[in-house]
Structure formats: structure tokens, C-alpha cells
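Notes follow the structure.
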Amino acid sequence: MLHWDHIFATRSSRMRASEIRELLKLLDRPDIISFAGGIPDPELFPDAEFKAAYAEIFGGPAVSAALQYSVSEGYRPLREWLAKQMAALGIPATVDNIFITSGSQQALDYLGKLFLSPKDTALVTWPTYLGALQAFNAYEPNYDQLNPGGNRTPEAYRQQAAEAGGRVKFAYLSADFANPTGETVDRAGRERVLDLAEELDVAVIEDAAYQSLRYDGEAIPPILALEIARKGDINSARTIYCGSFSKTLAPGLRVGWVCASEAVIRKLVLMKQAADLHSSTINQMAICTVAERGFDEQVAKIHRVYKHRRSAMLAALGKYMPAGVTWTKPEGGMFVWVTLPKGTDGAELLAKSIQTAKVAFVPGRAFFADGSGENTLRLSFSCANDKMIEEGIRRLGDLIRGEVAEAA
Ligand SMILES: Cc1ncc(COP(=O)(O)O)c(C=O)c1O
């Protein structure tokens, strides 16, 4: 057997199989009620609309362009549509501020590549999106804790980054219905992140993957909009907004976007030329057609279903969880974040749950850059119907009650 480890680059040493990806395999087992995968419900995909869009492309003159190489910036009509969407969010942007990626995951990889030299520091929330940690890990950074509720002093961040051998480069966060917590950062928290970024002179990466999925409460302006309100112009902004069609239209087409200052977009375009030339032309065209014709209706349809499921899950948690267990009350997104009594281990609980309760979820530790959070877990309600929620949360509640009683 050939030993590869000494041949692989050092950056590969932090690449490990994702707990979530492994768990997704469980979705196929019919005896398991799964709250594990944070994926959209396929029943809600606008498949008829996509079928019509692709048929039109193949039946018309656009087919040659659709099957041909294209520009790295992305399909221009889609960028024009997105510029209007961004304007509606308080972000005046031109097509030159929009760059199409193969899912927003690719944007996270590119931004890691663009900003992080080995030993530089990325500020992330504890917990944060696991896929962001995976994307950034390849660039060998250190992590420090971003806390929109009240950060340490800029000097403290600077010093810790210097001790780690580099400097702070960006703050990454999901301000709306974060994966994994489902929580939203309030306006004051967003302003605090901007203040910190100004003082540290670093970028802000705003992951807006779930932003369109608000079911109740007042929308809060994106961080990029708040920064433009301060500075008057997107090209003076340090915030880099990453959007995605995965949660609204369909993830399988792999279309996301970045909205940012032209200086950042130009660099990202060069990276794309080197990495994959451009995102799938035909998929961008289809997304553009479907979005132009009925994005708002599609989002409204998703809201109705997910809002109901969110509320059903919160009600079931209230009914079945024993004392000492707490959870977030998300106003949108796909996730509820559960905190178990100290001393309970989410990963051990999952192993038992698969055996006995036959309920799957994601143990929280993987979402913490410092490896803490063992007494937490993530539940996704996006693919669960009423019966699964009632039955699954009841079984999970019983299991946790037994564990807590045993530990006491
Ligand atoms: C917070 C967050 N950001 C980004 C992504 C990546 O999504 P995509 O690459 O499909 O746009 C996800 C996917 O689950 C996510 O939860």
C-alpha cells in the first residue's frame, strides 16, 4: 500500500470527512426519522418551471450559447436580475458588483483562498457553518471567536492573531437564520461587527444563504446594506455578500453569487478563470428564467411549508423535552439548535438514538472551531412532515429524559 500522507500538501491534513455528509446517508434508511440533513424539501422544487425553461433553451436560438464556454463573471441577464434584487435589499449594485459562483460554497472557498495565508486568523461565530470551516481549513488559518453580541477589543483580537503567527483577515458570519443555530443577528450586532471590522481593517463575509427564508418578524438590513448606508457606495464597502439559489430554487444546479466591491469581484473572476473557467452556462440561464418568472411566488410557497414545520417542531420540543433542555426559536431558515444539560454528549446521544429511538440529528461539536459544544445538537425541520416531527421529537425527548436521569 502506498503511503500518501508525506506526499500530500500540509493543507490536506485538516481535510476530514464531514459528519454531516456521512449522516446524509442515513436519510435513505426508511426506519430512521431524520432531522439531520439541512437540505430543501424536494417536493418544493419548481421542477415544472425548470422543465419549461430548459425546453425553451433547447428549442430556441439560445442553445448554442447555453452549451458553449462563457464568461467567468457569470451570465449577464442573471447578474442584471440579481443587481435588482440586491437593490431591493438596500444594496445599490451594478452588474460589475455581481459574480456568479457554483453555489455559495465555492464563494467561501475562493474567499478563503483570497484572504488567508497560513496562520492568518479568521473570526467566526462559535458555532458556525461547518462547510465554511471546511472551506477555510484548506488555507491553514487559525480561528478566533466572533461574538456579534459583544466582541473583545480590537487590540485583543490583533494580539491573539499575532501570537498565532499572522493577522486577522476577515469576520465570517451568517446574520439571518444561521446554520446551525437558526438565530438572527440583530441590527446592533451587525453594526458592532462592522465597527470591529473597521477597527481591525479586515473584510466581513456575510453568508446570506438563508436570508430569503424569513417566516415572521421584521427583516433586518443585510450587513452590506448597513455598511453602504455608512459609506454611500458599494465600492467603498468591506462587506462581501454571498447569496445562493440553493435554498429557494434548487441546490442541484449549483448557482450562487457574490455581491461586493468591484476590486474584490475582479480578483474572484481571476480565481474562477484558474479554477473552473465559469459556472454552468445552461444552469445559469435556467435559473435566470425561473427567477424572472416567479421567484417571489416560489419563495412564498416555501415560506408556507417551512413556517408550519418550524412551528410544529417548536411546539413538539415544548411538549416532549425534559427540563434542562433549551432550544432556539428561529424566525426563519431550516434549523433549531438544542442545548442539552452539561455533561450530555451529542455524539454519544446520536449513536444511541440511531440504535433505539431511530431518530437522526447532527451533534453540535462539528460546528465549533474550538471543538467545544459537545452538549448541543442541530435539528432540521425542512424535510419533516407533521407526523415525523411529532413522533421523532417525542422519541428524542424520551431518550434525552432517560440520559439526563441516568446522569443525575
Ligand atoms: C450557511 C450556508 N452557507 C453556504 C451553504 C452552501 O450552499 P450552496 O453552495 O448550495 O449555495 C450552505 C449549505 O448548506 C449553508 O448552510
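Just so you know, ligand 1 is whichever comes first in the structure, and atom 1 is the first atom listed for that ligand.
Between the side chains of Q145 and Y157, no donor-acceptor pair is found at a separation under 3.5 Å.
Residue Y172 has no N or O atom closer than 3.5 Å to an N or O atom of ligand 1. Looking at S246 next to ligand 1, an N or O pair under 3.5 Å apart turns up.
Applying the side chain to side chain donor-acceptor pair (under 3.5 Å) rule to S244 yields the partners S246; only residues at least two apart in sequence or on another chain are considered. Applying the side chain to side chain donor-acceptor pair (under 3.5 Å) criterion to E49, with sequence neighbours excluded, gives no partner residue.
Under the 3.5 Å distance criterion, the side-chain polar atoms of R401 are matched with a main-chain donor or acceptor of Y320. K169 places a side-chain N or O within donor-acceptor distance of the main-chain N or O of F115, the cut-off being under 3.5 Å.
Taking CZ of R230 as the start and OG1 of T239 as the end, the distance is 9.0 Å to the nearest 0.5 Å.
Nearest to atom 2 (C) of ligand 1 by heavy atom, out of D207, L173, L253, D109, is D207.
Residue R254 has at least one heavy-atom neighbour below 4.0 Å for each of these atoms of ligand 1: 8 (P), 9 (O), 10 (O). Close approach of ligand 1 to Q105 is summarised as follows: ligand atoms under 4.0 Å from at least one heavy atom of the residue are 6 (C), 8 (P), 9 (O). Residue S244 approaches ligand 1 through these ligand atoms, each under 4.0 Å from one of its heavy atoms: 8 (P), 11 (O).
In this structure, atom 5 (C) of ligand 1 lies nearest to the protein heavy atom Y129 OH, 3.4 Å. Looking only at heavy atoms of the protein, atom 14 (O) of ligand 1 is closest to K247 NZ, 2.8 Å. Ranking the protein heavy atoms by distance from atom 4 (C) of ligand 1 puts S104 OG, 3.3 Å first. Shortest contact from atom 16 (O) of ligand 1 to any protein heavy atom: Y210 OH, 2.7 Å.
Minimum interatomic distance between G90 and A225 (heavy atoms only, all atoms of both residues): O-CB, 3.4 Å.
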